[in-house]
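Here is the structure we will look at, set down as structure tokens.
The first residue in the sequence is number 1, and the count goes up from there.
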Amino acid sequence: MTIREVSSSDLDKLSPILSDEATMKYTATGAQTHEQMIAFVENCARQYREQGFGHWAIFISETNELVGLCGLNRHQIDGEEYMHVNYRLGSQYQGKGLATETVKGVMDYCANSLKLNHLSAIIEPSNTSSIKVIERLGFKFRKQTRFKNLNVNIYQVSM
């Protein structure tokens, strides 16, 4: 797996992922229109400039095939700041261990480059596939709360 910054040249490859109802089911935005995808790419560029990180495109190294997105976001929830990892893979790439491999790489980046003490994952309770991924990587349930009008579980791992 290879991850790199998202660019406007990725829009055509991102479209099948970001516009897919199944892939985007557990996101606050849901499936995106072309205009929303353009705004997403622009937001990624802003995040890279302002924070040095954001969402990255995930590729299969051998084929250079874009299979999904992963990233880091900071959010204030219940008066606490969380750095959280999020990820989404195209439907046809789910269940193959790619999310686990990608999140592990993001965890390594957070520990070694950002020197974080812990990392969080914010996941809807019904998203059992994502919960299995982060539990496999050592994240532990911390609490249930509301975030962006959704019921979510917050998981955390020490680095």
Side-chain angles (χ1 to χ4, degrees), residues 1-75 82-114 116 119-139 147-148 150 152-157 159:
M1 304 301 298
T2 302
I3 63 173
R4 67 158 171 78
E5 291 182 358
V6 174
S7 73
S8 58
S9 65
D10 296 321
L11 273 173
D12 288 342
K13 293 177 184 176
L14 282 171
S15 183
I17 295 165
L18 295 177
S19 66
D20 180 54
E21 292 287 339
T23 299
M24 301 299 287
K25 179 179 179 179
Y26 296 108
T27 65
T29 60
Q32 295 187 5
T33 65
H34 184 71
E35 291 76 22
Q36 288 172 310
M37 288 180 230
I38 292 169
F40 171 78
V41 171
E42 290 170 354
N43 185 53
C44 288
R46 183 189 56 75
Q47 288 178 326
Y48 305 143
R49 282 191 312 274
E50 294 176 4
Q51 302 180 111
F53 58 83
H55 287 86
W56 299 290
I58 307 167
F59 295 86
I60 295 175
S61 299
E62 297 79 20
T63 62
N64 201 35
E65 185 175 0
L66 195 151
V67 298
L69 295 162
C70 67
L72 295 169
N73 286 314
R74 283 192 174 113
H75 291 291
Y82 293 90
M83 175 73 83
H84 92 97
V85 62
N86 60 70
Y87 45 93
R88 59 191 69 96
L89 295 172
S91 299
Q92 68 271 36
Y93 303 106
Q94 295 174 9
K96 300 176 188 293
L98 301 177
T100 302
E101 182 179 342
T102 301
V103 173
K104 176 67 175 123
V106 172
M107 290 171 64
D108 291 345
Y109 171 76
C110 288
N112 299 320
S113 297
L114 299 180
L116 296 181
L119 181 64
S120 301
I122 302 168
I123 303 174
E124 288 183 60
S126 59
N127 189 349
T128 56
S129 296
S130 283
I131 292 169
K132 287 177 186 175
V133 167
I134 56 106
E135 286 180 338
R136 198 175 299 124
L137 292 166
F139 285 74
F147 176 65
K148 294 187 177 183
L150 300 170
V152 297
N153 291 341
I154 298 178
Y155 295 83
Q156 209 162 51
V157 66
M159 311 297 266

Taken in chain and number order and not counting sequence neighbours, the residues that satisfy side-chain contact (heavy atoms from CB on, under 4.5 Å) with Ile38 are Leu11, His34, Glu42
Heavy-atom nearest pair, Glu21 first then Ala31, reads OE2-CB, 3.4 Å
Quick check: do Ile17 and Leu89 have side-chain heavy atoms less than 4.5 Å from each other?
no
Value for CG (Leu72) from CE (Met83), rounded to nearest 0.5 Å, stands at 5.5 Å
Smallest heavy-atom separation, Ser15 atom then Met37 atom, equals CA-SD, 3.6 Å
Checking the side chain of Tyr87 only, and the main-chain atoms of Ser130 only, is there a donor and an acceptor separated by less than 3.5 Å?
yes
Report the C-alpha separation of Met1 and Leu98 in whole Å, then their side-chain angles, then the decisive distance to 0.1 Å, and conclude whether the side chain to side chain contact (heavy atoms under 4.5 Å, CB included) test is met. CA-CA 8 Å; Met1 304 301 298; Leu98 301 177; 3.3 Å; yes
Closest heavy-atom pair, Val41 versus Ser8, reported as atoms and distance to 0.1 Å, is CG1-N, 3.6 Å
By ring pair (Phe, Tyr, Trp, His ring centres under 6.0 Å), Phe139 pairs with (sequence neighbours left out) none
Residue pairs meeting salt bridge (Lys or Arg N to Asp or Glu O under 4.0 Å), one or both in residues 85-105, sequence neighbours left out, come to Lys104-Asp108
task = For residues Trp56 and Tyr109, establish whether the separation of their ring centroids is below 6.0 Å.
result = yes
Met159 and Ala111 have their tightest heavy-atom pair at CE-N, 3.7 Å
Across all chains, not counting sequence neighbours, the side-chain hydrogen bond (donor to acceptor under 3.5 Å, both in side chains) partners of Tyr93 are Glu65
Taken to the nearest 0.5 Å, the spacing of Leu18 CG from Leu69 CG works out to 5.5 Å
- Query: With distance as the sole criterion, is a donor-acceptor pair present between the side chains of Asn86 and His55 under 3.5 Å?
  - Reply: yes
Minimal heavy-atom distance between Val106 and Val85, with the atoms involved, is CG1-CG2, 3.8 Å
Query - Ile3 side chain reached by Cys70 side chain, heavy atoms, under 4.5 Å - result: yes
Under the ring pair (Phe, Tyr, Trp, His ring centres under 6.0 Å) criterion, do His84 and Tyr155 qualify, and how do the steps go? CA-CA 9 Å; His84 92 97; Tyr155 295 83; over 10 Å; no
Residue set satisfying side-chain hydrogen bond (donor to acceptor under 3.5 Å, both in side chains) with Gln51, at least two apart, ordered chain then number -> none
Salt bridge (Lys or Arg N to Asp or Glu O under 4.0 Å) pairs touching residues 48-61, sequence neighbours excluded, are Arg46-Glu50
Taking every heavy atom of Ala57 against every heavy atom of Val6, the minimum-distance pair comes out as N-CG2, 3.5 Å
- Heavy atoms, side chains only, cut-off 4.5 Å: are Leu137 and Val157 in contact? no
Value for OG1 (Thr100) from CD (Glu135), rounded to nearest 0.5 Å, stands at 11.5 Å
Sorted by chain and number, sequence neighbours left out, side-chain contact (heavy atoms from CB on, under 4.5 Å) with Arg4 holds for Ser7, Asp10, Phe59
By salt bridge (Lys or Arg N to Asp or Glu O under 4.0 Å), Glu35 pairs with (sequence neighbours left out) none
Fill in: Within 6.0 angstrom of Asn112 CG, more than 12 heavy atoms from elsewhere
yes
Sequence neighbours excluded, the answer for side-chain contact (heavy atoms from CB on, under 4.5 Å) partners of Lys132 is Arg136
Separation between OG (Ser120) and CD1 (Ile154), nearest 0.5 Å, reads 6.5 Å
Those residues at least two apart in sequence (or on a different chain) that pass side-chain contact (heavy atoms from CB on, under 4.5 Å) with Pro125 are Gln144, Asn153
Output for pair (Ile58 CD1, Thr2 OG1), nearest 0.5 Å, gives 10.5 Å
Is there a side-chain contact between Phe147 and Glu124 in this structure, where contact means two heavy atoms from C-beta onward sitting under 4.5 Å apart? no
Here the gap from Ile134 atom CD1 to Leu119 atom CG, rounded to the nearest 0.5 Å, amounts to 10.0 Å
By side-chain hydrogen bond (donor to acceptor under 3.5 Å, both in side chains), Thr102 pairs with (sequence neighbours left out) none
Do any side-chain atoms of residues 22-29 form donor-acceptor pairs under 3.5 angstrom with protein atoms, and if so which ones, sequence neighbours left out?
from: Thr23; atom 1: OG1; to: Asp20; atom 2: OD2; distance (Å): 2.6
from: Thr23; atom 1: OG1; to: Ser91; atom 2: N; distance (Å): 3.3
from: Thr23; atom 1: OG1; to: Ser91; atom 2: OG; distance (Å): 3.1
from: Tyr26; atom 1: OH; to: Ser126; atom 2: O; distance (Å): 3.3
from: Thr27; atom 1: OG1; to: Met24; atom 2: O; distance (Å): 2.8
from: Thr27; atom 1: OG1; to: Gly30; atom 2: N; distance (Å): 3.0
from: Thr29; atom 1: OG1; to: Gln32; atom 2: NE2; distance (Å): 3.4

